[in-house]
Amino acid sequence: MLIEQLQKIVGPKGWTTDPVTLKPRLTDWRSVVRGATPIAVSPACTEEVSAVVRACADANVAIVPQGGNTGMCAGAIPDESGTQIILSLARMNKIRAVDAANFSMEVEAGCILENVQNAARNVDRLFALSLGAEGSCQIGGNLSTNAGGINVLRYGTARAQVLGLEAVLADGTVISNLRSLRKDTAGYDLKHLFIGSEGTLGIITAATLKLYPDPGPKTTALVALGSSGDAVRLLAHLRSAMSDSIEAFELVSKYVFDLVEKHIPDTLVPFSTAAPWYVLLEVAGNNNGSLLENVLLEAANSELLLDAIIAKNSAEAERFWRMRHSIAEAERAEGPAQKHDISVPVSRIEDFLQRGDRLLADLVPEAQLLAFGHVGDGNIHYNVALPEGSDDGPRVTEAIYELVEEMGGSFSGEHGIGRSKRQFLSKYRDENEIELMRTLKQAMDPKNILNPGKVF
Ligand code: FAD
Ligand code: 2HG
Ligand code: ZN
């Protein structure tokens, strides 16, 4: 019997069948998707992961890898059949080694992102991935979704932070290349197959991560703007003046900050006059604070911005960031909106937002737009709240994705496909690309036991 076999592999601390303990693992962070499972297992090491996968492969039972379960596309939730098992990485949470001189660290997949950042900080290094869920998402989940977050502008997505990877294949084979090398052209770079494949090609068990030097003191500013186009122009201006020192550049609409003020205690947009758009930006490095002040002053004089507040101290900077990082929570509290995690070339953001406005006004005039996101990466969370009981959701989504496609963008900027966006992948990716993806999936998981029903 598989269940007993799994219980034996992971030992008494490594499994649960208790409905109360399972409940939060059976619904996604937004509580919009539900699933069922007979058991969640939490292996303590790679060998146990391998044994679990082998046993499931022998029994033809599907496995749903689960990290912190903060994903936005329900990729970590089993289907409703009650036959798929959850494989949680939570117990594999060791920072195995930090090599400050090599600017690298080796970690297990279940490490919480914040703990990875702190371990790097303890040796004066930076682990550059940062996002609102960092207190609970896991590095394995970040790599499996190729997460973005707020520092992509300077450091790239999760994929760019990886030097080496260990993963368990669908038959239990362990593929391990945890070398901490910047250069290695020996054959195919297999780690990239697992990064961003959302648990459908293998289970990530450990990674060697790239670290950066501490970028120096940070200066954080909240800027009020008259239009979204001004945000793009301000970014270009800042990049010319300050080059690589811009760490984050986040756009938020007035309505979105209104929601944060409404639902999140002790939050307040600190301008006396409201603006239609805000940018929260951060630069790092000695002397860059005063340079930023000058550049913002110059931008104000040329009417590129309406107002700006530079955080006086780290407490004020944290208050600004808390507002930004609470957006998803505020949106959830208001009632989950229809999510569109889109990306377009940065130069087309203003055009996209203007055309999107017209499109929404035509389709559902009562719809409320929640637009915010990582404008420096061209990645806007173009979320739409529809009137209660409306069945316009699919029509709205289709129209937005068509617009994105026309503008050379992607319908999935950083959250992945998971269970919620599957039907759009074959529509918006070239059929030869889909064919190759399917060939890879078939070759690596011929029994289709790794997270079936996700991505494809
Ligand atoms: P989970 O949700 O548990 O899983 C996500 C996917 O990865 C699933 O398909 C799962 O099966 C698979 N998976 C998990 N672990 C493994 C593993 N070890 N091996 C193989 N497959 C695995 N995302 C962004 O990109 N940028 C943001 O700025 C951002 N901000 C967020 C803010 C908030 C408040 C919240 C709630 C979410 C945010 N997200 C963001 C989404 C989410 O946090 C990320 O997608 C994150 O990378 C998911 O990590 P997780 O550990 O929670 O993964
Ligand atoms: C963010 O940038 C996350 O805050 C969540 O990616 C986006 O809630 C969303 O749509
Ligand atoms: Zn985001």
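As the structure lists them, so they are numbered: ligands from 1, and atoms in each ligand from 1.
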S.K.: Can you find a side-chain donor-acceptor pair between Asp18 and Thr16 that sits under 3.5 Å?
M.R.: no

S.K.: Quick one: does any side-chain atom of Glu166 pair with a main-chain N or O of Thr208 as donor and acceptor, under 3.5 Å?
M.R.: no

S.K.: Could you pull out the N/O contacts under 3.5 angstrom between ligand 2 and the surrounding protein atoms?
M.R.:
from	atom 1	to	atom 2	distance (Å)
ligand 2	2 (O)	Arg324	NH2	2.7
ligand 2	2 (O)	His374	NE2	3.0
ligand 2	2 (O)	His381	NE2	3.1
ligand 2	4 (O)	Arg324	NH1	3.0
ligand 2	4 (O)	Arg324	NH2	3.4
ligand 2	6 (O)	His381	NE2	3.1
ligand 2	6 (O)	Glu414	OE2	2.9
ligand 2	6 (O)	His415	NE2	2.7
ligand 2	8 (O)	Lys339	NZ	2.7
ligand 2	10 (O)	Lys339	NZ	2.8
ligand 2	10 (O)	Asn383	ND2	2.9

S.K.: Just by distance, with hydrogens left out, do Gln84 and Asp79 show a side-chain donor and acceptor under 3.5 Å apart?
M.R.: yes

S.K.: What is the distance from atom CD1 of Ile400 to atom NZ of Lys339, rounded to the nearest 0.5 Å?
M.R.: 12.5 Å

S.K.: Is it the case that the side chains of Gln338 and Tyr382 hold a donor-acceptor pair, with the cut-off being a distance below 3.5 Å and no angle test?
M.R.: no

S.K.: Among Tyr401, Phe424, Phe411, which residue meets the ring pair (Phe, Tyr, Trp, His ring centres under 6.0 Å) test with His340?
M.R.: Tyr401

S.K.: With sequence neighbours excluded, what pairs up with Phe249 under the ring pair (Phe, Tyr, Trp, His ring centres under 6.0 Å) test?
M.R.: none

S.K.: Ignoring hydrogens and geometry, is there a side-chain-to-backbone donor-acceptor pair from Arg419 to Pro78 under 3.5 Å?
M.R.: yes

S.K.: So what's near the Zn ion (ligand 3), protein N, O or S atoms under 2.8 Å?
M.R.: His374 NE2, His381 NE2, Glu414 OE2

S.K.: Indicate yes or no for a side-chain donor-acceptor contact from Thr267 to the backbone of Val260 under 3.5 Å, with no hydrogens or angles considered.
M.R.: yes

S.K.: Please tabulate protein-ligand N/O pairs under 3.5 Å for ligand 1, atom names and distances to 0.1 Å.
M.R.:
from	atom 1	to	atom 2	distance (Å)
ligand 1	2 (O)	Thr70	N	3.2
ligand 1	2 (O)	Gly71	N	2.8
ligand 1	3 (O)	Gly67	N	2.7
ligand 1	3 (O)	Gly68	N	3.4
ligand 1	3 (O)	Asn69	N	2.8
ligand 1	9 (O)	Gly75	O	3.2
ligand 1	9 (O)	Glu198	O	3.3
ligand 1	9 (O)	Asn451	ND2	3.4
ligand 1	11 (O)	Pro65	O	2.6
ligand 1	11 (O)	Gly75	O	3.4
ligand 1	11 (O)	Asn451	ND2	3.1
ligand 1	18 (N)	Ile204	O	3.0
ligand 1	19 (N)	Ser144	OG	3.4
ligand 1	19 (N)	Ile204	N	2.9
ligand 1	21 (N)	Ser144	OG	2.9
ligand 1	25 (O)	Gly148	N	2.9
ligand 1	25 (O)	Glu414	O	3.3
ligand 1	25 (O)	Glu414	OE1	3.3
ligand 1	26 (N)	Gly149	N	3.2
ligand 1	26 (N)	Glu414	OE1	2.9
ligand 1	26 (N)	Glu414	OE2	3.1
ligand 1	43 (O)	Thr70	OG1	2.7
ligand 1	47 (O)	Asn142	ND2	2.9
ligand 1	47 (O)	Thr145	OG1	3.0
ligand 1	51 (O)	Gly68	N	2.8
ligand 1	51 (O)	Gln138	N	2.8
ligand 1	52 (O)	Gly68	N	3.4
ligand 1	52 (O)	Asn69	N	3.1
ligand 1	52 (O)	Thr70	N	2.8
ligand 1	52 (O)	Thr70	OG1	2.7

S.K.: Please verify the inter-ring angle class for His381 with His415; under 30° counts as parallel, over 60° as perpendicular, anything in between as tilted.
M.R.: parallel

S.K.: In Å and rounded to the nearest 0.5 Å, what is the CG to OG1 distance from Asn451 to Thr200?
M.R.: 7.0 Å

S.K.: As a quick check of understanding, evaluate side-chain hydrogen bond (donor to acceptor under 3.5 Å, both in side chains) for Thr220 and Glu282, giving each step before the final call.
M.R.: CA-CA 4 Å; Thr220 310; Glu282 195 155 85; 2.6 Å; yes

S.K.: Is it true that His263 and Glu329 share a donor-acceptor pair across their side chains at a distance under 3.5 Å?
M.R.: no

